[in-house]
**Q** 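One structure is given below, represented as structure tokens, and several questions about it will come after.
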Number of protein chains: 2
Amino acid sequence: MEVSTEEKIIQAAEKIFVRDGFDGARMQDIANEAEINKALLHYYFRSKEKLFEHILQRKMKDFIPRIQAVLRKEMSVMDKLEGIVDGYLRMLSQNPRLPIFLLYSTYRNPAIMQHMPHEIFRDLIAFIDDAIQKKQLKKLDPSQFLLSLLGMCFFPFVAWPVASHMLEKSESEYVAFLKGRKVEIMKVIRELAYETDSS
Amino acid sequence: MEVSTEEKIIQAAEKIFVRDGFDGARMQDIANEAEINKALLHYYFRSKEKLFEHILQRKMKDFIPRIQAVLRKEMSVMDKLEGIVDGYLRMLSQNPRLPIFLLYSTYRNPAIMQHMPHEIFRDLIAFIDDAIQKKQLKKLDPSQFLLSLLGMCFFPFVAWPVASHMLEKSESEYVAFLKGRKVEIMKVIRELAYETDSS
DNA sequence: GTCTATATACAGATAGAC
DNA sequence: GTCTATCTGTATATAGAC
């Protein structure tokens with residue numbers, strides 16, 4: 001049941017950094033959240049910057065992948081696409097603030113990306129490209145299609161406060177709205193496929 | 001040719017706040033950018049917060065609208081949709097950092113949205129709804145469709161550093177990639193319309 | 001209106017006892 | 001490893017001369 005101090009710090013730092021961003025976060029707040037002393041943060045991680053980078057690396061790795069598994073399964077193209085959409089939407093529903101935090105952090109400091117694995121998209125692009133070659137998806141640029149797909153999944157979360165206000169929805173109404181998102185995205189995607197569904 | 005001090009401050013504050021966010025921006029940097037003294041900022045705007053809110057209000061108003069004009073023109077549904085996409089993509093190309101700044105700012109402080117006009121989306125939704133009723137667009141939830149449309153337009157800009165890195169594109173390659181975006185988005189949208197094009 | 005100089009507050013980081 | 005106390009830098013904001 002004992003949680004190590006380091007783990008407590010990491011949990012606390014994740015919460016505060018994701019909520020407040022690097023500039024907005026206070027070491028004192030992280031210490032309070034972890035129920036330890038401020039000095040201990042510097043004992044475990046030398047500086048705020050080092051702590052932040054540690055958290056960011058950790059979080060970034062949850063951001064993109066987990067899709068590889070879906071791609072490898074024996075499924076129709078459309079089922080795989082649905083698996084990808086479903087995977088992202090689930091992750092986003094559980095971590096609604098994560099994407100804006102990551103995207104903003106990389107905007108503030110693009111150098112961060114240099115240390116991130118960049119092969120992850122290759123499988124996705126290759127999969128889409130393959131589906132197009134096999135005439136299962138209509139002729140679209142695979143990279144562009146991928147960004148459209150991701151945009152449809154991520155944007156409603158990234159734009160949460162603006163979108164819910166503009167659509168005149170309360171918090172709970174917007175949550176309900178997002179629950180219907182998967183079906184609507186799949187409707188769009190199905191229009192981009194030929195009727196070769198071999199499920 | 002004379003630019004008022006207030007205008008210089010606003011220009012400078014826009015640049016610094018959009019680049020660094022509220023927490024990251026320094027009043028000193030804004031003063032330097034405006035080539036005036038720090039104390040003058042407080043003379044014109046009482047506090048950093050007040051200055052920020054002024055800038056945010058200003059910028060938010062450029063964010064959403066400008067679309068109304070397109071809607072009122074005598075055009076086919078598809079041409080109107082193309083006008084909307086084109087309008088956003090142009091604006092985004094000229095202000096690539098604007099959306100992430102606005103979205104992040106509202107995430108940090110959702111109360112900001114309370115003072116924003118929220119009727120702007122109504123026209124868009126009504127237009128989409130109308131097109132569906134008239135069987136010109138396939139049966140989709142209008143709000144969901146709108147978010148998909150906006151997601152496809154905004155996401156590649158909001159996710160710039162992540163996306164360009166993941167797609168293994170240099171800055172200039174990514175810019176070129178974004179130039180091809182309109183065509184690809186319209187391909188998707190055309191698949192969502194019936195062949196009733198009366199252009 | 002615009003400046004210099006300063007007050008005030010608080011952040012990140014360290015020293016050193018335990 | 002963990003704490004209290006403190007150093008140091010720097011940010012917002014104000015006072016007051018011009």
Side-chain angles (χ1 to χ4, degrees), chain A residues 1-59 97 101 104-109 111-112 115, chain B residues 1-59 97 101 104-109 111-112 115:
Chain A
M1 289 302 87
E2 274 301 299
V3 182
S4 72
T5 302
E6 184 167 356
E7 191 54 36
K8 279 200 292 185
I9 291 174
I10 289 172
Q11 295 294 330
E14 277 187 11
K15 177 173 169 183
I16 303 300
F17 275 134
V18 169
R19 192 188 65 196
D20 297 341
F22 177 76
D23 294 315
R26 310 277 139 87
M27 292 297 264
Q28 184 64 59
D29 293 341
I30 295 172
N32 291 346
E33 181 70 28
E35 294 177 307
I36 50 130
N37 191 277
K38 211 172 49 161
L40 259 191
L41 297 177
H42 289 90
Y43 177 78
Y44 278 89
F45 301 86
R46 262 168 46 81
S47 65
K48 182 184 181 185
E49 213 156 317
K50 290 252 192 300
L51 176 55
F52 180 75
E53 274 171 34
H54 188 266
I55 301 299
L56 193 69
Q57 292 276 349
R58 227 176 113 102
K59 282 289 174 191
R97 302 192 69 111
F101 162 71
Y104 189 72
S105 298
T106 57
Y107 237 106
R108 287 280 293 151
N109 181 11
I112 289 166
H115 310 292
Chain B
M1 286 304 84
E2 275 300 298
V3 182
S4 71
T5 301
E6 184 167 358
E7 192 55 35
K8 281 199 292 185
I9 291 175
I10 290 172
Q11 296 293 331
E14 278 188 10
K15 177 173 169 184
I16 302 300
F17 276 134
V18 169
R19 192 187 65 194
D20 297 342
F22 177 75
D23 295 314
R26 310 277 139 87
M27 295 295 264
Q28 185 62 60
D29 292 342
I30 295 172
N32 291 346
E33 181 70 27
E35 293 177 308
I36 52 130
N37 191 278
K38 214 173 42 162
L40 259 191
L41 296 176
H42 289 91
Y43 176 78
Y44 279 88
F45 302 85
R46 263 169 44 84
S47 66
K48 182 184 179 183
E49 213 157 316
K50 289 250 193 302
L51 176 55
F52 180 75
E53 273 172 34
H54 188 266
I55 300 300
L56 193 68
Q57 292 276 349
R58 225 177 114 103
K59 282 291 172 188
R97 302 192 69 112
F101 163 72
Y104 189 72
S105 298
T106 57
Y107 238 106
R108 287 279 294 150
N109 182 9
I112 288 166
H115 309 292

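Below, chain A is the first sequence line, B the second, and so on; all start at residue 1.
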**Q** Can you check the F22(B) CZ to dA11(D) P distance for me, whole Å?
**A**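 Taking atom P of dA11(D) as the reference, CZ of F22(B) is at 14 Å.
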**Q** Where is the tightest heavy-atom contact between H42(B) and R46(B), given as atom of each residue plus distance?
**A**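 Nearest heavy atoms, H42(B) then R46(B): CD2-O, 3.3 Å.
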**Q** How do M27(A) and E35(B) order along DNA chain C: which one's closest nucleotide is nearer the 5' end?
**A** E35(B)
**Q** Could you give the CG-to-P distance, from N37(A) to dA13(C), as a whole number of Å?
**A** 15 Å
**Q** Looking at E14(B), E7(B), K8(B), which one forms a side-chain hydrogen bond (donor to acceptor under 3.5 Å, both in side chains) with Q11(B)?
**A**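 When E14(B), E7(B), K8(B) are each tested with Q11(B), the side-chain hydrogen bond (donor to acceptor under 3.5 Å, both in side chains) holds only for E7(B).
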**Q** Taking all non-hydrogen atoms of both residues into account, name the closest pair between I30(A) and A12(A) and its distance.
**A**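 For I30(A) versus A12(A), the nearest heavy atoms are O-CB, 3.6 Å.
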**Q** Over how many whole Å does the gap from D29(B) atom CG to dT12(D) atom C1' extend?
**A** 13 Å
**Q** Could you tell me the separation between the NZ atom of K38(B) and the C1' atom of dC3(C), rounded to a whole number of Å?
**A**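 Going from K38(B) (NZ) to dC3(C) (C1'), I get 13 Å.
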**Q** Flag the pair L51(A) / I9(A) as yes when at least one side-chain heavy-atom distance between them is below 4.5 Å, and no otherwise.
**A** yes
**Q** Return the residues of residues 40-57 of chain B meeting this criterion: a heavy atom under 4.0 Å from some atom of DNA chain C. Order them by number, or give none.
**A** L40(B), Y43(B), Y44(B)
**Q** If the test is ring-ring contact (aromatic ring centres under 6.0 Å, His included), which one of F101(B), F52(B), F45(B) qualifies with F17(B)?
**A**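 When ring-ring contact (aromatic ring centres under 6.0 Å, His included) is applied between F17(B) and each of F101(B), F52(B), F45(B), only F52(B) qualifies.
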**Q** Any heavy-atom pair between the side chains of I36(B) and L41(B) that's under 4.5 Å?
**A** yes
**Q** Closest to the I36(A) side chain: dA15(D), dT12(D), dC3(D)?
**A**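 Selected nucleotide: dC3(D).
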**Q** So what does A25(B) hit on the nucleic acid, given a heavy-atom distance under 4.0 Å: a base, only sugar-phosphate, or nothing?
**A**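 If one applies the 4.0 Å heavy-atom cut-off, A25(B) turns out to touch the sugar-phosphate alone, with no base involved.
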**Q** Counting only N and O atoms by type, is there a donor-acceptor contact under 3.5 Å from the side chain of K48(A) to the main-chain atoms of F22(A)?
**A**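 Yes.
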**Q** Could you state the CZ-P distance from R26(B) to dA9(C), rounded to the nearest angstrom?
**A**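 One finds 20 Å between P of dA9(C) and CZ of R26(B), rounded.
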**Q** Identify, residue by residue, the members of residues 4-18 of chain B with a heavy atom below 4.0 Å from DNA chain C, and return them in order of residue number, or none.
**A**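 Within this stretch, T5(B) sit under 4.0 Å of the strand.
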**Q** List the atom of H115(A), the atom of Q57(A), and the distance in Å for their closest heavy-atom pair.
**A** CB-NE2, 3.6 Å
**Q** Could you tell me which residues satisfy salt bridge (charged side-chain N to carboxylate O under 4.0 Å, His left out) with E53(A), sequence neighbours excluded, listed by chain and number?
**A**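 With sequence neighbours excluded, E53(A) shows a salt bridge (charged side-chain N to carboxylate O under 4.0 Å, His left out) to no residue whatsoever.
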